[in-house]
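Below is one structure; the comments refer to it alone.
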Amino acid sequence: DVYLSKWFGDGSQNNLGIMSRLPAVTIDLDSKADGGRSVEAWDAAHPEFAAVPAERTGGGMHYHIICPDVPPAAVDLVGKGGKLVSQLNDAVTAEVFLAGNVTVTPSVHPSGHKYRWVRVGPIPQMPWADLCRLLHLSLRPKTRQTDPFSGGRWWEQFRGDVTTLDIVAL
């Protein structure tokens with residue numbers, strides 16, 4: 001009690017966090033542009049997560065699951081950063097933490113939003129294949145785009161005579 005009062009009492013600004021470690025996985029869904037409303041809609045449309053403990057964050061939600069079969073390739077890919085990132089739709093981004101620090105309830109987001117539980121209960125197990133399918137995760141390394149305006153290597157895609165190349169049009 002003295003310890004908790006020291007760190008979290010008397011109007012403290014301290015937040016609470018967990019160190020995510022496998023097989024525990026934290027999924028951070030964000031739609032910061034609309035204050036998390038798109039995440040709430042995504043959550044409502046995915047009954048696979050209906051029994052997963054979830055907390056409302058400043059820009060979306062955190063899910064907490066157990067994933068006993070995360071492949072070593074996923075761990076190698078995320079490295080010390082500890083997370084995989086995917087775009088679920090135009091508004092919702094998912095960060096899947098396999099390791100690392102995650103802020104949790106009852107912390108206060110920099111926006112002033114207080115994290116709070118929206119679903120509680122036992123933490124369920126979810127197979128890696130299901131997690132990948134639901135969250136559009138891929139272990140393939142990202143490659144550079146070839147769009148000339150995105151910094152890609154346009155010359156590898158160009159199929160014409162370079163001496164007649166219309167640089168202005170390009």
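Source: prediction; values computed, not measured.
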Requested in this report: Say whether I123 and F97 are linked into one hydrophobic cluster, either directly or through other cluster members, by side-chain heavy-atom distances under 4.5 angstrom.
Outcome: no
**Report entry** Check: S86 and L88 side chains under 4.5 Å, non-hydrogen atoms
**Finding:** yes
Query - Candidate pair M19 and N101, rule side-chain contact (heavy atoms from CB on, under 4.5 Å), full reasoning - result: CA-CA 5 Å; M19 285 294 290; N101 297 322; 2.3 Å; yes
Query - Sidechain-backbone polar pair: S31 side chain, D34 backbone, donor-acceptor under 3.5 Å - result: no
Query raised in the report: Is a side-chain N or O of S107 found less than 3.5 angstrom from the main chain of L16, in a donor-acceptor match?
Result: yes
Report task. Answer whether the closest heavy-atom distance between the side chains of W42 and L29 falls below 4.5 Å. Result -> yes
Report task. Please round to the nearest 0.5 Å and tell me the distance separating atom CG of L135 and atom OG1 of T93. Result -> 11.5 Å
Query raised in the report: With distance as the sole test, does E55 use its side chain to make a donor-acceptor pair with the main-chain N or O of Y115 at under 3.5 Å?
Result: no
Report task. State, to 0.1 Å, how close I66 and A24 come at their nearest heavy-atom pair, and which atoms those are. Result -> CD1-CA, 4.0 Å
Requested in this report: Verify the distance criterion only: is there a donor paired with an acceptor across the side chains of S111 and H109 at less than 3.5 Å?
Outcome: yes
Query - P68 and Q125, any side-chain heavy atoms less than 4.5 Å apart - result: yes
Report task. Please tell me if the side chains of P106 and K114 come closer than 4.5 Å, counting only heavy atoms from C-beta onward. Result -> yes
Query raised in the report: Do you know which of D28, D30, I18 makes side chain to side chain contact (heavy atoms under 4.5 Å, CB included) with H62?
Result: D28
Report task. Please round to the nearest 0.5 Å and tell me the distance separating atom CZ of F49 and atom CZ of R119. Result -> 9.5 Å
Report task. Determine whether M61 and L134 fall in the same hydrophobic cluster, where Ile, Leu, Val, Met, Phe, Trp and Tyr are linked whenever their side-chain heavy atoms lie under 4.5 Å apart. Result -> yes
Query raised in the report: Is there a donor-acceptor pair under 3.5 Å between the side chain of Q87 and the backbone N or O of V92?
Result: yes
Query raised in the report: Which atom names give the shortest non-hydrogen contact between P53 and G121, and what distance separates them?
Result: CG-O, 3.3 Å
Query raised in the report: What about H64 and W117, are their ring centers closer than 6.0 Å?
Result: yes
**Report entry** Salt-bridge criterion met for D43 and R56 (N-O under 4.0 Å)
**Finding:** no
Query raised in the report: How long is the span from the CG atom in L84 to the NE2 atom in H136, to the nearest 0.5 Å?
Result: 14.0 Å
**Report entry** Value rounded to 0.5 Å, distance of CG in L137 from CH2 in W128
**Finding:** 5.5 Å
Report task. Find the distance between CD1 (I65) and CD1 (I27) and round it off to the nearest 0.5 Å. Result -> 4.0 Å
Report summary line: Distance col, row T26:OG1 vs K83:NZ, nearest 0.5 angstrom, shows 12.5 Å
Query - Minimal non-hydrogen separation, L131 against C67, with atom names - result: CD2-SG, 4.4 Å
